[in-house]
Amino acid sequence: MKNVLLPSVATWITTSFPIIRMVLLILMVVLALAMIIVVLFQPSSGDGMGAISGQLSDTFYTKNKGRSLEGVMKRLTIVLGICLFVISVLFFITVVIYPVGA
């Protein structure tokens, strides 16, 4: 099948698409595994549980949660999710530009 989207692109670019696609796929797998590990190591938050029993949860720890390990893990989860999204979009762009069978 002739690629109509890239008629005037140099051959080294079209031959490098499988390599780029493989690198992006490996990055997606590594980021997905890292995200799974980070999510599994996050402590469960029982924010709504104190409201049932009438307990107030305004402690020093809850006020400074952003600087704690829990805050770092939440930010890391967000960053890993964004990176995973961007890399997967780039991967599927390479598939659209240069199909696997082309």
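What you are looking at is a predicted structure, and each value in this text was computed from that prediction instead of being measured.
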- Item | Member of Ile26, Val30, Leu25 meeting the side-chain contact (heavy atoms from CB on, under 4.5 Å) criterion with Met28 | Leu25

- Any donor-acceptor pair under 3.5 Å from Arg21 side chain to Phe91 backbone: no

With a 3.5 Å cut-off and sequence neighbours excluded, list the donor-acceptor pairs that the side chains of residues 79-88 form with protein atoms.
from	atom 1	to	atom 2	distance (Å)
Ser88	OG	Leu84	O	3.0
Ser88	OG	Phe85	O	2.8

- Message: With a 4.5 Å cut-off on side-chain heavy-atom distances among I, L, V, M, F, W and Y, is there a chain of contacts connecting Ile20 to Leu90?
- Response: yes

- Common cluster, Phe17/Ile93, ILVMFWY with side-chain heavy-atom separation under 4.5 Å: yes

- Note on the structure: Hits for side chain to side chain donor-acceptor pair (under 3.5 Å) against Ser16, two or more places apart or cross-chain, chain-then-number order -> none

- Query: Between Gln42 and Met73, what is the shortest heavy-atom contact and its length?
  - Reply: NE2-O, 3.2 Å

- Rounded to the nearest 0.5 Å, what's the gap from CG on Leu31 to CD1 on Ile36? Could you check? 11.0 Å

- Gap between atom CE of Met35 and atom CD1 of Ile78 - 0.5 Å precision: 9.0 Å

- Query: Are Ile37 and Val29 linked, directly or through other ILVMFWY residues, by side chains that come within less than 4.5 angstrom of each other?
  - Reply: no

